[in-house]
Amino acid sequence: MADLKKFFKKTVPQEEPAKAPSVPEGLWVNCPKCGEMVYKEDVSGHSYVCPKCGGYFRIKAKTRIRSVVDKDSFKEWFTGIENGNPLEYPGYPEKIQALKEKTHLDEAIRIGEATMDGVPVVIGAMDARFLMASMGYVVGEKITRAFEEASKRRLPVILFCCSGGARMQEGMVSLMQMAKTSAAIKRHSREGLLYIPVLTDPTTGGVTASFAMLGDIILAEPGALIGFAGPRVIQQTIGQKLPEGFQRSEFLVDHGIIDGIVPREQMRKVLCSLVKIHGKPCAYGNFPAEIPARTIETFGKKKKVRKSSDMTAWDRVLTARSSQRPTSLEYIYSIFDNFMELHGDRAFRDDGAVVGGIAMLDGQPVTVIGIQKGRTTKENISRNFGMPSPEGYRKALRLMKQAEKFQRAVIAFIDTPGAFCGVEAEERGQGEAIARNLMEMSDLTVPVLSIVIGEGGSGGALALGVGNEVWMMENSTYTILSPEGFASILWKDSKRAPEASEVMKVTAAQLKEMGIIERIIPEEYPAGEENLDEISEYMKIRMKKFLSAQEGKSKDEIAAQRYERFRRM
C-alpha cells in the first residue's frame with residue numbers, strides 16, 4: 001500500500017458555488033464552480049472534476065459506487081420497499097413514481113454488497129437527483145437493514161452521504177429514521193465492525209445529525225457543504241455573517257469534526273487501504289522474521305558532539321528541549337509504514353500539538369499518537385510549541401478508544417513542556433481532559449506503550465503516559481514541572497534550575513532506578529538527523545518484542561497489568 005499521508009492534506013477551501021448541477025447529456029457541461037463550459041468526456045475521465053478549476057460535479061450513486069468497488073462486484077439489496085404517504089401529502093406518491101421513472105432509481109439511495117481489492121464490504125451511495133436525497137422511510141429502512149445484515153455477516157460498511165436532510169413530505173416518520181439508523185449503527189459498532197461515512201456535497205440536516213456523523217473514520221470530499229442547519233437558514237434566522245468557507249469540509253477538519261479530506265481520484269485507494277487494515281485479525285506478536293538491529297554502540301559515531309555519558313542532568317534538560325531533536329512525526333514516519341493521520345476531537349478543534357492515526361508496524365496495524373513540536377517558529381505556533389489543549393487530549397483519547405474497539409495496540413510518543421495553560425484551555429476544561437485520559441487509559445484492554453522522546457512535562461505528559469510500559473530516551477526528561485518552576489517554588493530563585501534538575505531526579509537513568517520507567521533507549525550521542533534511522537530501527541525491534549510479549553494475554557489481563565504497574569508506585 002502506498003503512503004497515504006498526502007491524501008489527508010487540508011485543501012484550500014472553495015468559495016461557495018452556485019447550485020451544482022448533475023452532469024447533463026450532451027457534449028458540453030457547465031462547471032458548478034467556475035461556470036466554464038468543458039467537454040463532458042474530459043469531466044468523466046477526470047473523476048467528474050472540472051479540469052480547469054478543480055470544481056466537483058455531483059455524480060450518480062451508480063457512478064460513485066462503480067468508481068470505488070471491484071469491477072462488476074456490486075449487487076444491490078433491498079429494492080422494492082414500498083413508500084407510504086403518512087401525511088397524506090397531495091401529489092407525493094405521484095412525485096415518487098415520476099422520479100423512479102426519470103432517474104431509474106428505486107429510492108434516494110443504492111445500497112448492497114461488493115468487494116474492494118477482494119475484501120467484501122457493504123456499500124451505499126445517496127443520489128441527489130431523487131428529492132435531493134432526502135431521508136424518508138425507505139432510505140432509513142434500507143440503511144438500517146444494511147447495518148443489520150453487515151452485523152450478521154461481520155462486514156464493514158461504507159456510505160457516501162449526500163442529502164438535503166429529512167423528507168418534509170413524511171413528517172415525523174422521516175424524523176424517526178434518524179433514531180432508527182443510529183441504533184442500527186450502534187449494534188454494528190458493538191460487534192467491533194468498521195463504518196466509514198464519506199460526506200459529499202451537500203450533507204445537511206437530519207442526515208448530518210444521524211448516520212453521516214457516526215463513523216469510526218469520517219471522510220469528506222474537498223469543498224463539500226456539511227452542516228446541520230444550512231448557511232442560508234443560519235443567516236436568515238439569526239442575521240449572523242458567516243466566515244469564509246463556513247461549513248465546507250476544510251472548515252470541519254479545522255474544527256475537529258471529521259478525520260480528513262480525500263480527493264475523489266484517490267478515494268478508492270484510501271478506502272481499500274482502510275478496509276484492509278481493519279480486516280486484519282488481532283495478533284500482537286504476528287511479525288515476519290526480524291532482521292537483527294545494529295548494536296546501539298554504533299549510533300551516531302560520525303557526530304562531532306559531546307557523548308551522552310559525559311552529560312549532567314541540566315545538560316540533558318537542555319538537550320531534551322533542543323529544536324534539533326527528532327519530533328514525534330519524524331519517528332512515526334521512520335518506524336511505521338502507511339501512517340494515516342486522523343484529525344479532530346469530534347467536538348471543537350483539531351489541535352496541532354497532538355497528532356495521531358493508524359499505521360502499520362511490519363504488517364500489524366497499530367494506533368500511533370504523538371505530542372508534536374515544530375522546527376521553525378511558524379511550525380511551533382501551529383503546534384502551540386508542543387503544549388496540548390483539551391481538544392488535543394480528547395482527540396488522543398478518541399483514537400485510543402477506537403484502537404480498543406478494533407483491538408489495535410497503542411504507541412504514544414511524548415514530547416511536551418506541559419499542557420497549555422491559557423485562559424481558553426481552562427475554559428474548555430483542561431484539567432478534566434487530562435483526568436479523563438488518565439482514567440480511561442488505565443482501563444484500556446489493548447497494550448499501551450508510552451515513550452518519552454524529549455520533554456516529559458508534568459500532567460501534560462502523563463496524560464499520554466499511562467502505559468503497560470513506559471520508556472525514555474537517554475537524553476529525555478520526565479518531570480513534575482520544569483526545573484525553573486521547581487526552583488522558583490521551593491527556593492524562590494528560578495536561576496537555580498540547574499541545581500534543581502539534579503535534586504528532582506529527572507533523567508532516564510534516575511527514573512529507571514526509581515521504577516518509574518521500564519526501559520532506556522540509548523543515545524551514545526544526542527538524537528538528531530544523523531542517527532534518526534538507527535535509533536528508529538532500535539525502537540522498532542523493541543516495540544515488536546514488547547507486542548510479542550502481549551500475545552496470548554486476555555483483555556482483562558492487559559488492563560490489570562497496567563493497573564498493577566501504577567498501583568505499585
Side-chain angles (χ1 to χ4, degrees), residues 300 303-328 353 371-389 392-393 413-426 430-431 434 450-465 470-517 520-528 569:
K303 292 187 71 174
K304 304 295 184 181
V305 297
R306 185 176 184 180
K307 293 183 69 169
S308 295
S309 56
D310 299 331
M311 296 168 68
T312 65
W314 182 243
D315 290 331
R316 296 189 196 275
V317 169
L318 298 178
T319 301
R321 295 173 176 176
S322 171
S323 62
Q324 301 307 307
R325 225 169 150 73
T327 65
S328 292
I371 302 178
Q372 178 69 13
K373 293 179 178 178
R375 290 284 195 188
T376 65
T377 301
K378 184 177 179 180
E379 287 177 357
N380 265 317
I381 291 172
S382 69
R383 302 290 183 183
N384 201 31
F385 296 85
M387 295 183 290
S389 295
Y393 293 117
F413 294 91
I414 298 169
D415 184 13
T416 179
F420 182 53
C421 58
V423 173
E424 317 94 285
E426 293 299 320
Q430 184 71 288
I434 293 172
S450 300
I451 308 173
V452 183
I453 59 171
E455 292 183 276
S458 194
L462 184 60
L464 290 184
V470 178
W471 302 351
M472 287 179 66
M473 295 187 65
E474 185 177 351
N475 291 321
S476 64
T477 57
Y478 203 178
T479 63
I480 186 171
L481 80 168
S482 69
E484 291 90 342
F486 185 96
S488 180
I489 290 172
L490 293 184
W491 304 328
K492 306 295 187 287
D493 184 1
S494 62
K495 293 181 181 179
R496 294 175 65 181
E499 181 185 350
S501 65
E502 297 289 348
V503 173
M504 294 169 69
K505 297 187 176 180
V506 302
T507 68
Q510 291 167 325
L511 292 170
K512 188 171 188 301
E513 186 177 349
M514 294 169 64
I516 302 296
I517 66 169
I520 299 172
I521 298 166
E523 300 175 63
E524 183 166 353
Y525 295 92
M569 295 185 184

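Residue numbers start at 1 and run along the sequence shown. The figures that follow rest on heavy atoms only: side chains count, while hydrogens, waters and symmetry mates do not. No experiment lies behind these values; they were computed from the predicted model shown.
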Check: Gln324 main-chain N/O paired with Arg375 side-chain donor or acceptor under 3.5 Å: yes
Check Thr507 against Met472 and note the closest heavy-atom contact, atom names and distance. C-CE, 4.2 Å
Would you say that Val452 contacts Ile517 through its side chain, given a criterion of any heavy-atom pair below 4.5 Å between the two side chains? no
Using the side-chain contact (heavy atoms from CB on, under 4.5 Å) rule, take Glu474 and Arg316 through it: C-alpha gap first, then chi angles, then the decisive distance, then the call. CA-CA 8 Å; Glu474 185 177 351; Arg316 296 189 196 275; 3.7 Å; yes
Spatial distance of atom OG (Ser328) from atom NZ (Lys373) [nearest 0.5 Å]: 9.5 Å
Do Phe385 and Pro417 touch side chain to side chain, with heavy atoms closer than 4.5 Å? no
For side-chain contact (heavy atoms from CB on, under 4.5 Å), just list the numbers for Glu502 and Thr312, CA-CA rounded to whole Å, side-chain angles, deciding distance to a tenth of an Å, and then say yes or no. CA-CA 8 Å; Glu502 297 289 348; Thr312 65; 3.9 Å; yes
Can you name the nearest heavy-atom pair linking Phe420 to Gln430, along with the distance? O-NE2, 2.8 Å
Tightest non-hydrogen contact, residues Glu523 and Arg325, listed as OE2-NH2, 2.7 Å
Rounded at 0.5 Å granularity, tell me how far CD1 in Ile414 sits from CG in Leu462. 8.0 Å
Please report the shortest heavy-atom distance between Gly459 and Ile434, naming the atom on each side. O-CG2, 3.7 Å
Are there more than 12 heavy atoms of other residues, nucleotides or ligands under 6.0 Å from atom CD1 of Ile480? no
Say whether, by atom type as modelled, one donor and one acceptor occur between the side chain of Ser389 and the main chain of Ala425 under 3.5 angstrom. no
Nearest 0.5 angstrom please: Ser450 OG to Leu464 CG, how far? 7.0 Å
Heavy-atom pair of closest approach, residues Ala497 and Ala487: N-CB, 4.1 Å
I need the Asn475 CG to Met311 CE distance, nearest 0.5 Å. 4.5 Å
Residue pairs, two or more places apart or on separate chains, that pass salt bridge (Lys or Arg N to Asp or Glu O under 4.0 Å) and touch residues 376-388: none
Sequence neighbours excluded, every pair satisfying side-chain hydrogen bond (donor to acceptor under 3.5 Å, both in side chains) that has a member inside residues 476-494: Arg321-Glu484
Donor-acceptor under 3.5 Å (Gln510 side chain, Val506 main chain): yes
About how many Å separate CG of Asp415 and CD of Gln372, when rounded to the nearest 0.5 Å? 8.0 Å
Would you call Lys505-Glu513 a salt bridge at under 4.0 Å N-O? no
Residue pair Gly418 / Pro388: nearest heavy atoms and the distance that separates them: O-CD, 3.9 Å
Sorted by chain and residue number, the salt bridge (charged side-chain N to carboxylate O under 4.0 Å, His left out) partners of Glu499 (sequence neighbours excluded) come out as Arg496
Would you compute the distance between atom OG1 of Thr416 and atom CG of Asn384 and round it to the nearest 0.5 angstrom? 9.0 Å
Between the side chain of Tyr393 and the main-chain N/O of Gly460, is any donor-acceptor distance below 3.5 Å? yes
